[in-house]
Amino acid sequence: MAPLPLAKIGKEVIKTVSKPLAKRIKVECTRYDSTQRILVNLGQGANRITHRLEKWSDGEKVKYIPPLKKNEAIQDGADLLGEAIVFGVAIGAVVWEYDHSKDKAEAK
């Protein structure tokens, strides 16, 4: 097992590397038709949720939410995917650190 300072440095390196990795995945996913369909669905879904929350917070009823253009939906979906990757890595690091500290406490 690595000493704690090295483990924390490693965790921070992984979190830092996840950002360019997420950006690269976003770029690659926008290139292919099969992944573009997924990104369009993600983008349209995020658009619907955002508009509903904005309308509800203003006290209005939601009647119609205009869909995004395909390119906008792809970009929004890619952004959401990239943020989800970075968030997932951060959550993984927190879970690992919690588990590590729990194991350390049990060892005492």
Side-chain angles (χ1 to χ4, degrees):
M1 188 182 314
L4 189 59
L6 289 178
K8 285 191 175 194
I9 290 171
K11 179 186 74 162
E12 291 302 319
V13 167
I14 291 171
K15 283 172 54 177
T16 303
V17 168
S18 71
K19 292 175 186 175
L21 178 67
K23 185 176 181 179
R24 181 69 183 171
I25 290 171
K26 281 172 38 176
V27 168
E28 290 300 318
C29 284
T30 57
R31 295 174 124 183
Y32 305 105
D33 289 337
S34 58
T35 54
Q36 281 182 359
R37 286 191 295 267
I38 294 168
L39 293 177
V40 166
N41 289 334
L42 279 174
Q44 294 292 4
N47 179 51
R48 285 191 295 271
I49 290 170
T50 303
H51 273 73
R52 283 185 195 278
L53 291 174
E54 286 175 358
K55 295 287 186 181
W56 287 343
S57 69
D58 291 340
E60 300 175 20
K61 289 187 176 184
V62 179
K63 296 178 184 175
Y64 174 74
I65 299 172
L68 295 172
K69 294 177 183 173
K70 183 179 179 182
N71 290 338
E72 292 174 358
I74 289 172
Q75 187 60 44
D76 285 356
D79 291 341
L80 183 61
L81 177 65
E83 292 298 322
I85 290 169
V86 172
F87 185 70
V89 168
I91 291 295
V94 168
V95 168
W96 176 84
E97 191 170 326
Y98 173 77
D99 191 46
H100 180 72
S101 65
K102 189 173 104 178
D103 290 344
K104 199 172 184 182
E106 286 176 0
K108 286 183 180 181

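Keep in mind that what you see is a predicted model, and the values were worked out from it rather than measured.
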Considering all heavy atoms of both residues, which atom of [X] and which atom of [Y] are nearest to each other, and what is their separation?
{"X": "Ala46", "Y": "Thr50", "value": "O-OG1, 2.7 Å"}
{"X": "Ser18", "Y": "Val86", "value": "O-CG2, 4.1 Å"}
{"X": "Ala22", "Y": "Gly82", "value": "CB-O, 3.6 Å"}

Should [X] and [Y] be counted in the same cluster of Ile, Leu, Val, Met, Phe, Trp and Tyr side chains packed under 4.5 Å apart?
{"X": "Leu80", "Y": "Ile25", "answer": "yes"}
{"X": "Ile9", "Y": "Ile14", "answer": "no"}
{"X": "Leu81", "Y": "Leu21", "answer": "yes"}

Exercise. Without swapping roles, check the side chain of His51 against the backbone of Asn47 for a donor-acceptor pair under 3.5 Å.
Key: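 Such a contact is found between His51 side chain and Asn47 backbone.
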Self-check item: Listed once per pair and sorted, the salt bridge (charged side-chain N to carboxylate O under 4.0 Å, His left out) pairs that draw on residues 37-61, sequence neighbours left out
Solution: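 Of all non-adjacent pairs touching residues 37-61, those that pass salt bridge (charged side-chain N to carboxylate O under 4.0 Å, His left out) are Lys55-Glu60.
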Practice problem: Find the distance between CG (Asp99) and NZ (Lys102) and round it off to the nearest 0.5 Å. | Solution: 6.0 Å
Quiz prompt | Value rounded to 0.5 Å, distance of OG in Ser101 from CD in Glu106 | solution = 10.0 Å
Side-chain donor-acceptor contacts of residues 62-76 below 3.5 Å, not counting sequence neighbours, with atom names and distances?
unit_1: Gln75; atom_1: NE2; unit_2: Asp79; atom_2: OD1; d: 3.1

Quiz item: Near Glu12 CD, under 6.0 Å, is it more than 12 heavy atoms from other residues, nucleotides or ligands?
Solution: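 Yes, enclosed.
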